[in-house]
Amino acid sequence: MKILTSRMDAHPSDSHTISRYLATGGYRSLKKALSMEPADIIAEVKASNLRGRGGAGFPCGVKWGFLADVHPRYLVVNGDESEPGTFKDRQLLERDPHQLLEGVIISSHALGVNHAFIYIRGEYPKPARRVQQALADAYASGYVGRNILGSGFDLDITVHLGAGAYICGEETALLNSLEGRRGEPRLKPPFPAVEGLYGKPTIVNNVETLSNMPWIVENGGAAYAAIGPEGSSGTRLFSLSGHVRRPGNHEIVMGMTFGELIEDLGGGIRDGRAIKAFIPGGASAPWFTADHLDVPVTIDDVAKAGSMLGSGAIVVMDETTDVVKAALSVVSFFAHESCGQCTPCREGTTWLENMLRRLTVGQGRAVDLDLLLDVSDNISPGLAWPPRQTTICPLGPSAVSPVLSILTHFRDEVEALVTTGVSS
Amino acid sequence: MITWSKDRAEAAQRILGSYPERRSAVMPLLYVAMAEYGYVSEQAMRDVAELTGLTPVQVSSVASFYTMYKREEVGRYLVSVCTSVSCHLLGGDDVLHAVEAETGVPHGETGPDGTFSVEHVECIGACGGAPAVQVNYELIEGVTPEKAVELCQWLNATEPDPLLGDEMQALFGGQRSFDWGPSESTGSKGPVPAFGPYSTAGTDRLAGP
Ligand SMILES: Cc1cc2nc3c(=O)[nH]c(=O)nc-3n(C[C@H](O)[C@H](O)[C@H](O)COP(=O)(O)O)c2cc1C
Ligand code: SF4
Ligand code: FES
């Protein structure tokens with residue numbers, strides 16, 4: 001069953017246009033929503049059990065319920081998608097921008113918002129062009145702007161482009177960026193729902209989360225909740241990459257195992273090789289191995305098994321992978337993207353990067369293994385999962401995930417670099 | 001005194017009108033200024049400060065946070081090669097080395113004749129089409145080291161303007177993250193991302209009924 005990608009599948013040549021959108025039932029849910037009381041729409045979203053698709057998996061309706069009773073208030077769409085391995089929001093922005101816009105308009109009506117923002121990462125000019133065109137068409141057709149469809153509801157939507165900073169995906173960093181500041185995360189609380197953009201109550205939701213709204217309004221929250229296992233209702237778009245035969249995005253009902261997803265949808269490992277490891281939920285997530293192929297793809301099962309479904313990005317590594325180099329690639333990412341506010345993150349990620357690099361170039365020392373753990377512990381005290389966060393945002397602890405993963409699952413390979421000095 | 005082209009000056013006013021507070025316009029205005037001057041020059045930052053009511057130091061502090069605001073002149077073609085994990089697993093590092101060797105420009109630098117700037121970048125959301133490359137932020141997926149070399153030669157020889165992602169994908173790309181849909185005739189006009197009209201961000205708030 002498909003919710004998010006059915007239009008683009010059926011109409012690959014023009015699913016992004018307003019004419020195709022209208023011809024396939026588009027903006028019908030908006031009409032319905034405008035005739036509903038905002039509180040009733042929120043009740044449907046609560047009933048849907050839709051959980052955020054941006055990484056944290058927080059129940060959307062519950063978050064909406066936290067919105068403080070102060071006006072003006074804002075809705076901000078998180079389209080910063082930059083977690084290595086993740087490319088699902090790009091497809092939704094590029095191939096079905098009106099679905100997102102309709103979701104934004106419905107949500108704004110439900111939340112009493114008259115100005116919404118869509119934050120798209122700067123490296124996405126084509127998705128941005130598509131969304132900007134869609135928005136211009138939606139304004140011209142009266143779906144956005146003053147007195148929408150005669151309902152008396154006014155809404156402006158502004159597209160805001162990022163400029164190359166992963167950390168702006170973190171919601172409070174994103175708000176700072178939208179305010180024209182450096183994209184540095186804020187201390188929470190206060191949470192954005194209380195004090196967000198310009199100090200006003202703000203809901204931040206992911207692109208995929210909001211793209212579900214037209215379906216939920218049309219079919220009802222209960223129908224959405226009935227799809228998939230408890231706690232992971234609805235369909236979800238997973239990004240599959242790495243050493244699989246058929247990489248790409250797959251919209252599935254959650255609950256199948258990772259093995260099935262990789263084998264049946266991804267076509268298995270390329271060149272008939274064996275799997276060595278996989279990252280189940282974006283670069284921040286602790287790695288799984290072949291032993292975890294039976295874990296069901298649900299938010300709660302992955303958490304129970306010691307990782308997270310995160311942004312829905314599954315990165316597969318086959319048996320030929322040099323896991324130390326792969327971990328280095330992930331750690332370098334976090335070192336590069338640390339905003340620098342917290343010492344353990346700023347210094348620690350660079351230390352981890354330098355130590356891993358030393359190992360991969362044959363200069364690893366025996367003491368480095370303990371040192372890696374020690375520095376990891378400084379960033380993420382106790383090395384617990386989920387991390388005991390002592391930094392302002394979770395980026396710091398994220399950098400620890402690949403390090404602990406290789407030390408847990410492939411310690412012998414890391415040790416081998418100390419004695420032989422050669423990365424296999 | 002701002003001396004931007006008429007189109008860009010108008011775009012700036014529209015951008016300022018797209019936000020409840022002027023300060024929010026800093027980022028989109030930096031893009032417009034970059035299109036005007038080719039990079040975020042001192043003058044560009046003074047202009048943006050004047051438009052938003054910030055000080056040039058405040059603008060500079062914002063600009064320096066974001067990697068896409070280039071504070072030095074960049075080449076006509078900015079080649080960005082992804083080396084994050086999915087691309088790394090499928091040879092992104094080899095693609096980067098091939099680009100460096102072909103252009104003679106090490107990553108992080110611009111060649112002396114101003115044709116190429118080369119950089120390695122973190123994930124550009126094209127992991128299903130790894131290894132991925134952008135030229136002036138237009139995407140090409142499934143690039144091999146050999147194709148990357150041909151891409152650089154083609155840029156040098158044909159000097160395409162505008163630069164179309166679909167054309168580059170057809171000529172030099174392979175595996176894609178997903179079907180791209182119909183080809184576009186919009187592309188980049190220089191080493192600045194080609195967003196909507198006038199290469200600017202924002203919407204026309206006045207267009208509503
Ligand atoms: C370092 C970091 C990066 C993040 N990047 C993104 C992102 O690119 N896109 C996104 O939607 N959420 C991202 N998030 C999660 C957001 O902070 C936020 O939880 C999310 O946008 C809320 O939307 P949702 O409830 O619909 O998932 C990130 C979080 C952190 C800590
Ligand atoms: S944990 Fe890292 S990225 Fe997050 S606020 Fe602190 S320094 Fe910045
Ligand atoms: S890892 Fe290269 S595009 Fe995502």
Side-chain angles (χ1 to χ4, degrees), chain A residues 12-16 81-87 90-91 95 115 122-126 128-129 132 135-136 139-140 142 144-147 156-161 163-166 177-183 198 239-243 247-249 283 313 315 317 321 326 329-330 333 336-337, chain B residues 18-28 30-31 52 54 61-62 64-69 80 83-86 88-90 121-130 134 137-139 165 175-182 184 186 188 193-197 201-205 207-209:
Chain A
S13 66
D14 63 357
S15 59
H16 61 290
E81 182 167 75
S82 323
E83 175 99 358
T86 320
F87 50 97
R90 181 163 70 92
Q91 181 163 355
R95 308 302 316 280
H115 197 163
E123 295 88 341
Y124 278 6
K126 182 176 181 183
R129 292 195 290 264
Q132 286 169 313
L135 185 56
Y139 262 109
V144 186
R146 308 283 154 272
N147 189 19
D156 273 311
I157 300 179
T158 297
V159 175
H160 187 89
L161 283 311
Y166 162 72
S177 182
L178 200 43
E179 287 182 8
R181 301 173 199 279
R182 297 164 69 85
Y198 312 119
S239 300
L240 191 56
S241 68
H243 295 146
N249 288 322
V315 183
M317 304 178 218
T321 306
S329 165
V330 179
F333 169 79
H336 183 254
E337 301 297 337
Chain B
S18 301
Y19 297 93
E21 296 189 6
R22 291 175 91 77
R23 178 173 187 139
S24 281
V26 167
M27 292 182 66
L30 279 168
Y31 277 127
T52 53
L54 298 179
S61 133
V62 175
S64 64
F65 187 83
Y66 301 93
T67 54
M68 289 172 66
Y69 296 129
S80 313
T83 53
S84 283
V85 64
S86 304
H88 162 81
L89 290 173
L90 290 168
V121 290
E122 299 298 350
C123 182
I124 45 181
C127 333
Q134 288 186 330
Y137 302 102
E138 296 297 314
L139 180 64
Q175 172 73 44
R176 296 178 304 183
S177 295
F178 52 84
D179 175 15
W180 284 15
E184 270 193 333
T186 320
S188 107
F195 304 130
T203 69
D204 190 347
R205 292 187 81 196

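Here is how names work: the chains are called A, B, and so on, in the same order as the sequence lines, proteins then strands, and each is numbered from 1.
Rounding to the nearest 0.5 Å places SG of B:C123 at 7.0 Å from CZ of A:F333. Atom CG of B:L89 and atom NE2 of A:H243 lie 4.5 Å apart (nearest 0.5 Å). Interatomic distance, CG of A:L178 versus NE2 of A:H160, reported as 5.0 Å (0.5 Å rounding). Note that CZ of B:R23 is 10.5 Å distant from OH of A:Y198, once rounded to the nearest 0.5 Å.
With chain B as the partner, the residue from A:H16, A:E179, A:R90 showing the most heavy-atom pairs under 4.5 Å is A:R90. Ranked by heavy-atom pairs shorter than 4.5 Å toward chain B, the options A:R129, A:E81, A:K126 are led by A:R129. Highest contact tally toward chain A, considering only B:L30, B:I124, B:L139, is held by B:I124 [criterion: heavy-atom pairs under 4.5 Å]. By number of non-hydrogen pairs under 4.5 angstrom with chain A, the leading residue of B:V26, B:D179, B:T52 is B:D179. Chain B forms the most heavy-atom pairs under 4.5 Å with one residue out of A:S82, A:G183, A:P12, and that residue is A:G183. Contact tally against chain B (heavy-atom pairs below 4.5 Å) for A:A313, A:S177, A:S13: the top residue is A:S177. Per-residue counts of heavy-atom pairs under 4.5 Å with chain A were compared for B:S177, B:S84, B:S80; the largest is that of B:S177. The choice from A:S329, A:A163, A:G164, A:P247 that makes the most heavy-atom pairs within less than 4.5 Å of chain B is A:A163. Comparing A:A326, A:G242, A:G248, A:G122 by heavy-atom pairs within less than 4.5 Å of chain B, the highest count is held by A:G122.
Heavy-atom minimum distance, A:A165 versus B:Y66: CB-CD2, 3.9 Å.
Side chains of A:Y166 and A:H336: no donor on one and acceptor on the other come within 3.5 Å.
Looking at A:E123, the atoms closer than 4.5 Å to chain B (heavy atoms on both sides) sit in the backbone and in the side chain alike. Within the 4.5 angstrom heavy-atom criterion, no atom of A:S239 approaches chain B. For A:S15, no part sits under 4.5 Å from any heavy atom of chain B, backbone or side chain. With a 4.5 angstrom heavy-atom cutoff, B:A130 does not touch chain A via any of its atoms. The contact between A:A128 and chain B is made entirely by side chain atoms (from C-beta outward), counting heavy-atom distances below 4.5 Å. Only the backbone of A:E83 has a heavy atom closer than 4.5 Å to any heavy atom of chain B. Residue contact with chain B, scored on non-hydrogen atoms closer than 4.5 Å, involves the backbone and the side chain of A:R182 alike.
Ion pairing between a basic and an acidic side chain is recognised when a charged N comes within 4.0 Å of a carboxylate O; A:D14 and A:R95 show no such pairing. By the 4.0 Å N-to-carboxylate-O rule, A:R181 lies too far from B:E21 to be salt-bridged with it.
No donor-acceptor distance shorter than 3.5 angstrom exists from the side chain of A:S241 to the backbone of A:V315, with no hydrogens or angles considered.
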